[in-house]
Amino acid sequence: MIFRHKWSVMYILCNEEPLWMSKCLSTGGLIEYKGSWRKTTLCRLNLCAENEEVDHKTLHFDGFNSLFLYRRWYRRFTALSAFSFDSGTVERIKDLSLDEFKAQYDGQKPVLLTELAETWPARTNWTIDQLLPSYGDVAFRISQRSPQKIRMKFKDYVSYMEVQHDEDPLYIFDDKFGESAPALLEDYSVPHLFHEDFFDILDHDQRPPFRWLIIGPERSGASWHVDPGLTSAWNTLLCGRKRWALYPPGRVPAGVTVHVNEEDGDVNIESPTSLQWWLDIYPQLADHDKPLECTQLPGETIFVPSGWWHCVLNLETSIAVTQNFVNPSNFLFVCLDMAPGHRVKGVCRAGLLAIPDEDSRDVEPNNSMDIEELNHCETTHKEKKLKPCTNGSNGYAKEEYQTFSYDIDFLSGFLEEERDHYVSLWSPTNYIGQREMREWLHRLWIAKPAERQLIWKGACLTLNADKWYACLVEICQRHMLPSPLDDEKLPVGTGSNPVFLVSNYVIKIYVEGGLESTIHGFDTELEFYNLLYKVNSPLKEHVPDIVASGFIVHENGVYRTVPWNGKGLPEVIANCFPEKVTSSDDCFSFGVWSKKQFELRRSEAVSETRIWPYLVTKRCKGDIFAHIRNTLSKDDVLHLASFLGVQLRNLHLLPLPQMLNASESKVDHIKSTTEKFSDLTGLKISPKWKPVIDILEERKESIRNRLVQWGDPIPELLIEKAEEYLPQDLALLLDFEKDVDGLYRICHSPSWIHSDIMDDNIHMEPGLPMNGFDEDALTGGSIGNGGENQFITKGGPRKWIPTHIIDFSDLSIGDPLYDLIPLYLDVFRGDVSLLKKFLESYNLPLSRRAADHTPPYCGSAENKFKRISYRATCYCILHEENVLGAIFSLWKELRTATSWQIVEEAVWGELNNYQSTLT
């Protein structure tokens, strides 16, 4: 009897549709609903034929009941017609002037506007029946509680809507609908109240998601959340009805938990579904605890201010469009939300409940706010009385108690002073990328001079702009450079360190990674420049000239500079690194060999510092390739590829500096400990290669975790096959030959590698105006080694001439092939014709392995080690940056690849042709 009861419970649970739904959605991709999630899952797993019947006759069991399953069943089949039109605690008005909107609502409280969309074609065109014929085969993105991206063709989604009885139905929530169905953008326009959007200044591929098409059936909807990045939003309903609930900033709704990661500020909101909240939690709320509410009707637009909690339930099949935006009223909150640290993110969302203060943990939150109070724009939203965390700079007395206020001065008091933008982890839930954030602020600074007071305050919140500007002023004064103009106050570009353009100079302050990391990058760069001139390399003509270098030190509230040319140790550094004091005054103590050793032992934790290296160089004329690439002719870009081939050849031919405390004659025998290589007697590895291989081996140990963390668009199948694809001994990726003792040794030394040749690290100058330009005509113009560039076409000079490679702070040593990865993926964007042009000028072998020099212990894997494409793919998998994401974004067809060899041949196959031609 007990066995029968357990079997019946197992049968019931295994036939629960939510379980099958969760299993199906976990794999992501394009979904075609088959009438039930069980059948859909089995079909996706190829466990049943398309027309096979898998839904057998339902079995019934007596004596089993579950309140949990009953509530779930009730939510799946309940009808929402009983939700009557509410009395309206959100103001509902026809329209507003822009001045009225700014004075009464913007940044203050929600409002429902009834006539903003009256003239839109979407008011009549956006119904299911009218959209289906035109967009039935368009695949839209689906919102669901799954880490994987899910898409459905519109016709399949409509079929799903008509038959589903899910507890939390899927709904279309597509931020790319403008790309997949561009004609939809012509059916509506941004309402006049929301035209100003600071993100408009970014290129389309740089700005974060900002507009969504939303289509969902009855019972679907968005659970409690605060809009990303503390942006504001407008949402216009075209058909159906939506029920809205809203709470002001800092007031967490009942049933909701906010988690904020203390390491990177990642915010995770745990909330019941919107339907579950309305059915189970809302009825239990006292009247004074209920949210602002409204039922949105077709043609109505709701405005949701920055920081407001909201939850939406579709009362019937609904279609809507929504956009998030940044304007002067919420700009500082958006900047604050991008600031490093977790405390301020928690306070912005959860109020003072986010502050774990010993004196206030027993204080109950004050939830007794009536609707009239919530509707009043002057209200300070009280949560609980609590001591704010003071750091001496926020203006609050230590003994003073505060009430929560969604005010920028109050909230900024919870910033963590020890956290800095350039050395802190960037939260994965931040609305915009770290590089894009810096680019955005600089563009705003230049384009909106009337808003500079506001922009400066935002830059100080998120970038610590005031600190870096103070450093800049001190450096300029120390080296008698021109004082920065107002246009030059903010860092430029998207790099990992603050870089300023002041008159004809570039001033870079090394910040990323903490003091030891920055000083290694800085000294390696100085060592490299010194070597260029010592050996008279032609590359020296194509790197910026150094004007000054040193350290900026912050002591007792004052900034001072300490000049340093990279040799010896100034006292301020010797005090921090006493083990380096014995180094010679003629050597670069923190040069490239020291840097490689540091990379092996450094930890993820970065300690704060008040010492920063800086480098002043001459400013190159013209512009970086990233800014002008879309304006260049094919001829321009082909000659850029030739230029880069010559300069990388010059870089890779540079001699390496002598290793400190090591002799190249010393040999490490790296012996394999795996069965496959049990016959391996040893690979002779010179000390110059050992740190390179050790770093790769270190990355290999955690390769699966890293690929899983990067996730989409890297296919899950290939993530599982990555370790199998890589060689067990990474030394086998290198070129080796037999020595006189019959042992195999690496047959050449590593090279200098730039590591970061991307479109923002290449400088170009404008050429003479072109007459009768023929962009397909090439006459084999050459680039002299260190001489003038000879750029000639049949029609005359090109528009832009490549002149410099910049930013050598990521210099390292390793396989020259490593430099081709960012070059091909970022600069050339996978264009094989540009890669061929580059290789023509590069003209160095990428492998020196002789055909008869393959060790016998390679076994059946022998052939793959001869392929340059195999080595390149292994380096991509082991790369410290997510270059695989770039590969699967450029070659979208490879997202369905079933093996890494397919990826290898598609991406890097040309390298094999080049090597055979060169041989």
Side-chain angles (χ1 to χ4, degrees), residues 420-423 435 438-439 441-443 445-446 456 459-460 463-515 517-530 543-555 558-566 570 572-573 590 609-624 626-627 756 760-763 803-811:
D420 184 85
H421 167 88
Y422 286 96
V423 296
R435 292 172 176 262
R438 297 193 280 265
E439 176 76 6
L441 289 173
H442 186 261
R443 288 197 187 187
W445 185 256
I446 299 302
W456 180 254
C460 291
L463 294 181
N464 309 105
D466 46 351
K467 177 173 76 174
W468 303 120
Y469 179 68
C471 292
L472 173 67
V473 170
E474 174 61 26
I475 293 169
C476 289
Q477 290 177 350
R478 175 65 176 79
H479 298 287
M480 294 183 290
L481 304 177
S483 297
L485 301 176
D486 201 41
D487 281 354
E488 300 167 338
K489 289 179 67 173
L490 281 185
V492 301
T494 59
S496 303
N497 297 292
V499 176
F500 297 89
L501 302 180
V502 178
S503 185
N504 294 322
Y505 302 94
V506 178
I507 301 169
K508 176 167 68 175
I509 304 173
Y510 294 72
V511 175
E512 184 186 29
L515 178 59
S517 176
T518 60
I519 195 173
H520 274 104
F522 175 55
D523 205 23
T524 296
E525 194 162 353
L526 293 177
E527 181 181 39
F528 169 74
Y529 276 97
N530 179 269
V543 298
D545 295 327
I546 293 181
V547 175
S549 59
F551 295 94
I552 184 84
V553 182
H554 187 225
E555 292 178 330
V558 177
Y559 292 96
R560 67 180 179 91
T561 57
V562 179
W564 190 50
N565 67 356
V572 67
I573 300 302
F590 293 89
T609 178
R610 295 181 179 272
I611 304 172
W612 305 280
Y614 67 85
L615 184 69
V616 183
T617 58
K618 282 287 187 69
R619 183 174 178 177
C620 302
K621 297 178 181 178
D623 206 345
I624 58 173
H627 290 165
D756 192 31
D760 56 351
N761 285 333
I762 301 167
H763 226 279
T803 58
H804 292 84
I805 297 174
I806 61 176
D807 192 2
F808 287 82
S809 56
D810 288 319
L811 271 169

Any side-chain heavy-atom pair of [X] and [Y] under 4.5 Å:
{"X": "Lys467", "Y": "Asp420", "answer": "yes"}
{"X": "Val473", "Y": "Tyr559", "answer": "no"}
{"X": "Pro498", "Y": "Tyr469", "answer": "no"}
{"X": "Ile509", "Y": "Phe500", "answer": "yes"}
{"X": "Leu501", "Y": "Val506", "answer": "yes"}
{"X": "Ser549", "Y": "Phe522", "answer": "yes"}
{"X": "Tyr422", "Y": "Asn464", "answer": "no"}
{"X": "Thr617", "Y": "Lys508", "answer": "no"}

Assess the residue pair Ile573 and Trp564 against the criterion (side chain to side chain contact (heavy atoms under 4.5 Å, CB included)); give the C-alpha distance rounded to whole Å, side-chain angles, the decisive distance to 0.1 Å, and a yes or no. CA-CA 10 Å; Ile573 300 302; Trp564 190 50; 5.9 Å; no
*Considering only NZ, NE, NH1 and NH2 on the basic side and carboxylate oxygens on the acidic side, decide whether Glu439 and Arg443 come within less than 4.0 Å.*
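Salt bridge: yes.
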Starting at [atom1] of [X], measure out to [atom2] of [Y] and round the result to the nearest 0.5 Å.
{"X": "His442", "Y": "Glu488", "atom1": "NE2", "atom2": "CD", "answer": "9.0 Å"}
{"X": "Ile475", "Y": "Leu481", "atom1": "CD1", "atom2": "CG", "answer": "9.0 Å"}
{"X": "Leu441", "Y": "Ile446", "atom1": "CG", "atom2": "CD1", "answer": "12.0 Å"}
{"X": "Asn565", "Y": "Leu526", "atom1": "CG", "atom2": "CG", "answer": "7.5 Å"}
{"X": "His479", "Y": "Glu474", "atom1": "NE2", "atom2": "CD", "answer": "9.0 Å"}
{"X": "Leu615", "Y": "Ile546", "atom1": "CG", "atom2": "CD1", "answer": "5.0 Å"}

Open item on the list: Quick one, Cys471 with Tyr614, criterion side chain to side chain contact (heavy atoms under 4.5 Å, CB included). Give me CA distance, side-chain angles, the key distance, then yes/no.
Closed with: CA-CA 10 Å; Cys471 292; Tyr614 67 85; over 6 Å; no
Verify, without hydrogens or angle tests, whether [X] (side chain) and [Y] (backbone) share a donor-acceptor contact under 3.5 angstrom.
{"X": "Asp756", "Y": "Asp807", "answer": "no"}
{"X": "Arg619", "Y": "Val502", "answer": "no"}
{"X": "Asn497", "Y": "Val511", "answer": "yes"}
{"X": "Glu525", "Y": "Leu811", "answer": "no"}

How close do [X] and [Y] get, heavy atom to heavy atom, and via which atoms?
{"X": "Gly622", "Y": "His763", "result": "C-CE1, 3.5 Å"}
{"X": "Pro544", "Y": "Ile805", "result": "CD-O, 3.6 Å"}
{"X": "Val553", "Y": "Val572", "result": "CG2-CG2, 4.1 Å"}
{"X": "Ile806", "Y": "Cys620", "result": "CG2-SG, 4.3 Å"}
{"X": "Ser809", "Y": "Tyr510", "result": "CB-CE2, 3.8 Å"}
{"X": "Arg438", "Y": "Ser496", "result": "NH2-CA, 3.8 Å"}

| Plane angle bin for Trp456 and Trp445 - parallel if under 30°, tilted between 30 and 60°, otherwise perpendicular |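 Correct class here is tilted.
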**Prompt:** Given the rule in the side chain to side chain contact (heavy atoms under 4.5 Å, CB included) test, do Arg435 and Asp760 qualify, once you have shown the distances and angles that lead to the verdict?
**Reply:** CA-CA 12 Å; Arg435 292 172 176 262; Asp760 56 351; 4.1 Å; yes
- Take His554 and Trp612 through the test side chain to side chain contact (heavy atoms under 4.5 Å, CB included) and record every step on the way to the result. CA-CA 9 Å; His554 187 225; Trp612 305 280; 4.1 Å; yes
